[in-house]
Amino acid sequence: MIIQRVVLNSRPGKNGVPVAENFRLEQSTIADTVQAGQVRVKTLYLSVDPYMRCRMNEDTGSDYLQPWQLSEVADGGGIGVVEESKHDNLAKGDFVTSFTWPWQTVAILDGSLLQKLVPQLVNGRLSYFLGAAGITGLTALLGIREKGHVTAGANQTMVVSGAAGACGSLAGQIGRLEGCSRVVGIAGTDEKCSILVQEMGFDAAINYKKEDVAKQLRELCPGGVDVYFDNVGGDISDTVISQMNQNSHIILCGQISQYNKDVPYPPPLPPDIEKIQKERNITRERFLVLNYMDKQEASVLQLCQWIQEGKLKVRETVVEGLANIGAAFQSMMNGGNIGKQIVSVSK
């Protein structure tokens with residue numbers, strides 16, 4: 001069977017900025033027959049995420065991420081529909097997902113590595129299982145619950161950087177749902193800041209490209225910062241940490257400002273900021289959602305309930321066509337999207 005797939009065409013270099021041309025669309029073939037335990041799936045949606053930048057390097061710098069190989073098909077979170085099955089628990093027409101879905105139009109996969117989806121849980125919006133009801137939502141929810149130490153009624157203030165991105169836009173809302181009394185986002189355009197406040201219930205948002213972040217934080221968080229959901233690292237995070245309270249908590253989700261630099265993860269703090277962190281006993285521990293998969297099922301159900309109740313607002317930036325996945329990746333890394341970046345492969 002003839003298919004289309006996207007392979008890694010070139011590496012941007014450890015300190016380089018990824019571009020669409022780092023990926024290549026090509027024609028390939030897969031077997032015409034499905035073996036016992038396998039399923040043939042048509043790809044519907046693929047997820048494009050910041051962590052994938054690490055997979056473009058020969059060394060990902062991580063013990064849980066494998067690098068993509070040159071001229072080999074890329075992979076990541078994906079959703080598809082079963083077209084043919086020789087797996088006992090999967091039937092034609094089932095919707096399924098995987099963290100290691102190949103970037104191709106049709107694939108033959110091991111059925112035991114797929115998770116069956118229930119579209120009704122997300123009001124039929126299947127792509128939500130790659131974002132708000134998937135690994136992105138789990139990262140936000142479990143990060144806050146496991147590392148944020150949010151206590152209802154404790155009058156805590158949360159700040160979220162990268163707040164208009166896939167994880168940040170959910171984290172701020174979840175912080176409020178879990179009990180924070182004030183939530184402030186940091187984003188890079190007036191449009192993003194407006195969406196955070198008007199659609200997603202943030203109390204305020206700071207445009208770091210136009211405003212003095214330190215000054216705005218002092219005005220918007222007069223009682224200091226108790227919980228910081230850190231999606232970016234770098235100068236913005238140093239500014240937030242300098243205004244954090246005694247015994248406060250950093251949820252170390254991502255460091256997108258550092259992904260194009262050859263530095264360890266998590267990147268070390270500057271000496272003056274590290275001094276503040278230690279003196280104020282601010283926790284800053286690496287958070288990896290894969291370590292909490294025993295809580296996945298209950299957490300996904302909680303996320304789906306909030307979505308159904310309208311308490312968790314979801315934004316997606318959807319790009320049509322497998323051929324455009326490289327451009328979608330470049331846009332996402334440049335901060336061009338609002339919410340989750342999704343590529344729609346087939347209808």
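Sequence positions, counted from 1, serve as the residue numbers for this chain.
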Distance check, rounded to the nearest 0.5 Å: [X] atom [atom1] versus [Y] atom [atom2]?
X: R55; Y: Y51; atom1: CZ; atom2: OH; answer: 5.5 Å
X: S346; Y: L322; atom1: OG; atom2: CG; answer: 8.5 Å
X: I108; Y: T33; atom1: CD1; atom2: OG1; answer: 6.5 Å

Test: ring-ring contact (aromatic ring centres under 6.0 Å, His included). Region: [range]. Which pairs qualify, not counting sequence neighbours?
range: residues 153-181; result: none
range: residues 117-151; result: H149-H249
range: residues 191-229; result: none

Would you please classify the geometry between the F23 ring and the F329 ring as parallel, tilted or perpendicular, with 30° and 60° separating the classes?
->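 If you compare the ring of F329 with that of F23, the planes turn out perpendicular.
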
Regarding [X] and [Y], is there a side-chain donor-to-acceptor distance under 3.5 Å anywhere?
X: N231; Y: S161; answer: no
X: S181; Y: N155; answer: yes
X: S127; Y: E316; answer: yes
X: K209; Y: T189; answer: no

CA sep, side-chain torsions, deciding dist, call: R145, E178, salt bridge (Lys or Arg N to Asp or Glu O under 4.0 Å) | CA-CA 8 Å; R145 286 185 170 175; E178 289 288 286; 3.0 Å; yes

Contacts under 3.5 angstrom, residues 2-11 side chains, donor-acceptor by atom type, not counting sequence neighbours:
| unit_1 | atom_1 | unit_2 | atom_2 | d |
| --- | --- | --- | --- | --- |
| R5 | NE | E26 | OE2 | 2.7 |
| R5 | NH2 | E26 | OE2 | 2.7 |
| N9 | OD1 | R24 | NH1 | 2.5 |
| N9 | ND2 | E21 | O | 3.1 |
| S10 | OG | N22 | ND2 | 2.9 |
| R11 | NH1 | M56 | O | 3.0 |
| R11 | NH1 | N57 | O | 3.4 |
| R11 | NH1 | W68 | O | 3.0 |
| R11 | NH2 | W68 | O | 3.0 |

What are the two closest non-hydrogen atoms of [X] and [Y], and how far apart are they?
X: M52; Y: S47; value: CE-O, 3.2 Å
X: S169; Y: G165; value: OG-O, 2.7 Å
X: E199; Y: K313; value: O-CG, 3.4 Å
X: I195; Y: I338; value: CD1-CD1, 3.5 Å

Between K14 and E58, does a salt bridge (Lys or Arg N to Asp or Glu O under 4.0 Å) hold up when you go through it step by step?
-> CA-CA 9 Å; K14 281 195 172 182; E58 287 186 65; over 6 Å; no

Determine, step by step, whether D49 and K340 satisfy the salt bridge (Lys or Arg N to Asp or Glu O under 4.0 Å) criterion, reporting the C-alpha distance in whole Å, the side-chain angles of both residues, the deciding distance to 0.1 Å, and the verdict.
-> CA-CA 8 Å; D49 301 286; K340 181 74 177 180; 2.3 Å; yes

Salt bridge (Lys or Arg N to Asp or Glu O under 4.0 Å) evaluation trace for K147 with E285 = CA-CA 8 Å; K147 300 294 184 183; E285 301 167 347; 2.7 Å; yes

For atom CD of E191, is the number of surrounding heavy atoms from other residues, nucleotides or ligands below 6.0 Å larger than 12?
->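 Not more than 12 within 6.0 Å, no.
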
Side-chain contact test, heavy atoms from C-beta onward, threshold under 4.5 Å: evaluate it for I144 versus F287 and give yes or no.
->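 Contact flag for I144/F287 side chains = no.
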
Residues in salt bridge (Lys or Arg N to Asp or Glu O under 4.0 Å) with D238, at least two apart?
->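 If we apply the salt bridge (Lys or Arg N to Asp or Glu O under 4.0 Å) test to D238, skipping adjacent residues, there are no hits.
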
Mind checking salt bridge (Lys or Arg N to Asp or Glu O under 4.0 Å) for E274 and listing every partner two or more places apart, or none if nothing turns up?
->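 K278.
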
Chi angles and distances behind the side-chain hydrogen bond (donor to acceptor under 3.5 Å, both in side chains) call for D226, S248 | CA-CA 5 Å; D226 302 295; S248 53; over 6 Å; no

